Trainee: 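Here you go, one structure.
Excluded from the calculations below are hydrogen atoms, water molecules and symmetry mates; all remaining heavy atoms, backbone and side chain alike, are included. Keep in mind that this is a model prediction, so the values were computed, not measured.
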Amino acid sequence: MTAAFTSQQFALVDVNNFYVSCERVFNPKLESVPVVVLSNNDGCAVARSNEVKALGVKMGTPWFQMQDLAKRHGIVAFSSNYTLYGDMSNRVLMILRDFSPEVEMYSIDECFLRLNGLSALWPTLNDLGQAIRCRIRQWTGLPICVGFASSKTMAKLANHVAKKHIDLNGVCDFTTMSENEISRLFSSLDVGEVWGVGRRIGERLHAMGIHTAQALRQASPKWLRAQFGVVMERTCDELNGISCLALEDVTPPRKQIICSRSFGELVTSLEELIEAVSTYITRAAEKLRHQQSVCGAVHVFIHTNQFRKQDEQYNNGIVVSLPEPTGDTRVLIAAALFGLRHIYRPGYKYKKAGVMLMELSNSKQRQSSIFDLRGAVSDRVGELMQTLDNLNREYGQDTITIGSAGVRSNWKMRCDNRTPRYTTRWNELPHAFAR
DNA sequence: TCTGGGGTCCTAGGACCC
DNA sequence: TCTGGGGTCCTAGGACCC
């Protein structure tokens with residue numbers, strides 16, 4: 001298809017400071033209070049309210065490094081509550097589907113919409129944007145911004161502009177701007193703000209004298225390709241309104257599934273690592289079966305804490321191939337523990353372990369090995385796993401587990417200040433009192 | 001004391017084959 | 001002493017994203 005000759009219209013909808021905003025929905029007293037949400041293990045700030053951003057706290061700042069600042073300014077910190085955020089994210093998605101049949105959930109807090117033809121239903125795209133903001137605010141309590149443009153990369157930038165310029169009231173539409181307005185605006189945007197330009201490439205572009213989005217837009221695509229590869233060439237085209245990135249409204253199944261965690265306390269014993277790895281495999285296998293895949297190889301890794309220079313360091317991982325693809329938690333655990341025993345060395349203080357399910361394929365088109373005479377057996381296994389998943393979904397995670405996942409908890413994450421899972425657990429519903 | 005987790009894509013280079 | 005060339009596949013590493 002010749003994208004260059006087909007005018008497209010995209011919207012990017014992005015929830016402002018998503019995790020923080022979710023917490024505020026259920027605790028309005030947090031409005032205008034500086035709030036951060038911490039990563040797993042209460043390690044780093046992964047979401048910051050505007051008040052916290054104004055204090056100069058960068059994304060990913062370790063929580064222990066901002067203790068002084070937190071005390072001085074009364075920063076409130078929450079452990080992450082992914083159950084809550086995931087559910088709120090789904091609600092936003094459902095609402096957006098009312099506005100366009102073509103919605104791509106790009107990340108937990110961002111959606112692309114394709115609007116071809118739909119914009120005719122609204123006086124202007126700005127009206128559409130305001131309608132979306134209004135309904136999401138009313139139905140979920142979440143604040144969002146909307147960017148409109150003729151390519152996804154530009155829509156991302158339009159959203160960025162909508163967030164920065166208060167007078168735009170949360171909506172920015174590039175599609176009706178003149179070439180002059182676009183040039184002026186893009187000249188004020190650092191090239192690093194462009195989607196696809198990260199730290200490394202940003203530095204190189206600056207060194208080459210390309211400082212703004214406008215300069216990148218005017219660079220030669222062929223030259224960019226020679227310097228940086230095909231991705232940057234596409235980015236340049238996209239900045240010129242030539243849509244190269246299609247809307248992906250059907251999520252393709254994951255090609256790999258990872259589950260890894262840092263430990264709450266340093267771990268030395270094999271037994272504890274076995275518990276942790278068994279637990280991670282259990283989580284990963286649930287995701288695997290949920291997307292109807294089976295897995296052909298398991299990667300296990302362990303490492304020590306790289307920040308503790310005084311400790312002897314050890315990192316290792318191993319890939320264990322399976323004789324035939326499977327979704328059976330028990331087989332996957334056995335493979336992972338086999339690998340773990342291979343790479344485990346006593347005498348180190350381990351900080352993190354993880355597993356990666358690789359070589360995923362569709363469980364419906366599973367290819368049997370020539371030794372597999374057990375079609376009936378694998379059907380039984382499928383039923384067993386299905387039952388396990390159903391019970392755990394119905395009665396809560398880990399109602400039924402595999403024995404090696406264990407009951408010790410030294411290795412479990414710190415998560416000291418997590419709010420209730422207000423929207424997905426009956427016993428954690430928010431209370432409302434009438435006066 | 002305390003430093004996240006989960007993904008994708010592209011490219012270069014080596015192994016191997018004919 | 002002379003010592004090809006082209007294709008494919010795989011992997012590791014690097015870059016990006018949120």
Trainee: Can you pull the contact range of chain A along DNA chain C, 5' to 3', using atoms under 4.0 angstrom from its heavy atoms?
Mentor: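 The protein-touched segment is C:dA15 to C:dC18.
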Trainee: Under 3.5 Å, is there a donor on one side chain and an acceptor on the other for A:Ser100 and A:Glu102?
Mentor: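 No, A:Glu102 and A:Ser100 have no side-chain donor paired with an acceptor closer than 3.5 Å.
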Trainee: Among A:Asn417, A:Asp42, A:Asp416, exactly one meets side chain to side chain donor-acceptor pair (under 3.5 Å) together with A:Ser79. Which residue is that?
Mentor: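 Only one option passes, and that is A:Asp42.
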Trainee: Does A:Tyr19 have any ring pair (Phe, Tyr, Trp, His ring centres under 6.0 Å) partners at least two apart in sequence or in another chain, and if so, which?
Mentor: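 Counting only residues at least two positions away or on another chain, A:Tyr19 forms a ring pair (Phe, Tyr, Trp, His ring centres under 6.0 Å) with A:Tyr82, A:Tyr85.
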Trainee: What side-chain donor-acceptor pairs closer than 3.5 Å can you find for residues 54-71 of chain A, not counting sequence neighbours?
Mentor:
{"unit_1": "A:Thr61", "atom_1": "OG1", "unit_2": "A:Lys58", "atom_2": "N", "d": "3.3"}
{"unit_1": "A:Thr61", "atom_1": "OG1", "unit_2": "A:Lys58", "atom_2": "O", "d": "2.5"}
{"unit_1": "A:Gln67", "atom_1": "NE2", "unit_2": "A:Trp63", "atom_2": "O", "d": "3.0"}

Trainee: Please work out if A:Arg283 contacts a base, only the sugar-phosphate, or nothing of the nucleic acid, heavy-atom cut-off 4.0 Å.
Mentor: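 Nothing: the residue A:Arg283, judged by heavy atoms under 4.0 Å, touches no strand.
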Trainee: Going by side-chain hydrogen bond (donor to acceptor under 3.5 Å, both in side chains), name the pairs with one or both residues in residues 342-351 of chain A, residues two or more places apart or in two chains.
Mentor: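 Sorted result for residues 342-351 of chain A: empty, none.
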Trainee: Name the nucleic acid region contacted by A:Arg225, choosing base, sugar-phosphate or nothing; use a 4.0 angstrom heavy-atom cut-off, strictly under.
Mentor: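 No contact.
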Trainee: Of all residues at least two apart in sequence or in a different chain, which pass the salt bridge (Lys or Arg N to Asp or Glu O under 4.0 Å) check with A:Lys163?
Mentor: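 Listed in chain order: A:Asp14.
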Trainee: Applying the side chain to side chain contact (heavy atoms under 4.5 Å, CB included) criterion to A:Leu224, which one of A:Thr235, A:Asp237, A:Leu216 satisfies it?
Mentor: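 Testing A:Leu224 for a side chain to side chain contact (heavy atoms under 4.5 Å, CB included) against A:Thr235, A:Asp237, A:Leu216 leaves exactly one candidate, A:Leu216.
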Trainee: Among residues 73-82 of chain A, which ones have heavy-atom contacts with DNA chain B below 4.0 Å?
Mentor: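 When residues 73-82 of chain A is checked for heavy atoms under 4.0 Å from DNA chain B, there are no hits whatsoever.
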Trainee: For A:Phe263 and A:Phe228, find the nucleotide of DNA chain B closest to each by heavy atoms; which residue's nucleotide sits nearer the 5' end?
Mentor: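 Here A:Phe263 is the residue nearer the 5' end.
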Trainee: Holding to ring pair (Phe, Tyr, Trp, His ring centres under 6.0 Å), I want the full list of residues that pass it with A:His211, two or more places apart in sequence or in another chain.
Mentor: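 With sequence neighbours excluded, A:His211 shows a ring pair (Phe, Tyr, Trp, His ring centres under 6.0 Å) to A:His206, given in chain and number order.
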Trainee: Taking any heavy-atom pair under 4.0 Å as a contact, classify A:Asn41: base, sugar-phosphate, or nothing.
Mentor: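 No contact.
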Trainee: What does the inter-axis angle of the helix from B:dG5-C:dC18 to B:dC18-C:dG5 come out as, five pairs per end, nearest 10 degrees?
Mentor: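 About 10°, once rounded to a multiple of 10°.
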Trainee: Among residues two or more places apart or on two chains, list those pairs meeting side-chain hydrogen bond (donor to acceptor under 3.5 Å, both in side chains) that have a residue in residues 45-57 of chain A.
Mentor: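 Applying side-chain hydrogen bond (donor to acceptor under 3.5 Å, both in side chains) to every pair that reaches into residues 45-57 of chain A, excluding sequence neighbours, yields A:Asn17-A:Asn50, A:Asn17-A:Lys53, A:Arg24-A:Glu51, A:Ser49-A:Glu51.
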Trainee: Please list residues of residues 195-223 of chain A whose heavy atoms come under 4.0 Å from any atom in DNA chain C, ordered by number; otherwise none.
Mentor: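 Result for residues 195-223 of chain A: A:Trp195, A:Gly196, A:Val197, A:Gly198, A:Arg199, A:Arg200, A:Ile201, sorted by number.
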Trainee: If you look at every strand shown and take non-hydrogen atoms under 4.0 Å, does A:Ile257 touch a base, only sugar-phosphate, or nothing?
Mentor: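 Sugar-phosphate contact only.
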Trainee: Do A:Lys152 and A:Glu238 sit within salt-bridge range, that is, some charged N less than 4.0 Å from a carboxylate O?
Mentor: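 Not counted as a salt bridge, because no side-chain N and carboxylate O are separated by less than 4.0 Å.
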Trainee: Should the ring pair A:Phe26 and A:Tyr422 be called parallel, tilted or perpendicular, given that the plane angle runs from 0 to 90° and is split at 30 and 60?
Mentor: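 Judged by the thresholds at 30° and 60°, the geometry between A:Phe26 and A:Tyr422 is parallel.
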Trainee: Would A:Trp411 and A:Glu275 count as a side-chain contact (heavy atoms from CB on, under 4.5 Å) if you check the C-alpha gap in whole Å, the side-chain angles of each, and the deciding distance to 0.1 Å?
Mentor: CA-CA 9 Å; A:Trp411 53 273; A:Glu275 288 187 6; 3.0 Å; yes
Trainee: Which pairs of donor and acceptor atoms, one on a side chain in residues 331-338 of chain A, lie under 3.5 Å apart (sequence neighbours left out)?
Mentor:
none

Trainee: Would you call A:Asp98 and A:Arg135 a salt bridge, taking side-chain N to carboxylate O under 4.0 Å as the test?
Mentor: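 Judged by the 4.0 Å cut-off on N to carboxylate O distance, A:Asp98 and A:Arg135 do form a salt bridge.
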Trainee: Hey, which of these two, A:Arg234 or A:Met59, hits DNA chain B nearer its 5' end, going by closest nucleotide?
Mentor: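 Mapping each residue to its closest nucleotide by heavy atoms, the 5'-most match is A:Met59.
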Trainee: Strictly under 6.0 Å, is that where the ring centroids of A:Phe186 and A:Phe174 end up?
Mentor: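 Aromatic pair counts; centres sit under 6.0 Å.
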Trainee: Using a 4.0 Å heavy-atom cut-off, does A:Tyr106 contact any base of the nucleic acid, only the sugar-phosphate backbone, or nothing at all?
Mentor: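 Sugar-phosphate contact only - A:Tyr106 comes under 4.0 Å of backbone atoms but never of a base.
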Trainee: Got a sec? Which of residues 61-69 of chain A come in under 4.0 Å of DNA chain B, heavy atoms?
Mentor: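 Close to the strand are A:Pro62, A:Phe64.
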Trainee: Looking at A:Glu110 and A:Lys156, is there a salt bridge between them, counting it only when a charged N and a carboxylate O are closer than 4.0 Å?
Mentor: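 Salt bridge present between A:Lys156 and A:Glu110.
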Trainee: Heavy atoms under 4.0 Å, any strand shown: does A:Asp42 hit a base, just sugar-phosphate, or nothing?
Mentor: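 A:Asp42: no heavy atom of the nucleic acid under 4.0 Å.
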Trainee: How far, in whole Å, is C:dG4 from B:dC17 if one measures between their C1' atoms?
Mentor: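 Straight-line distance between the two C1' atoms is 14 Å.
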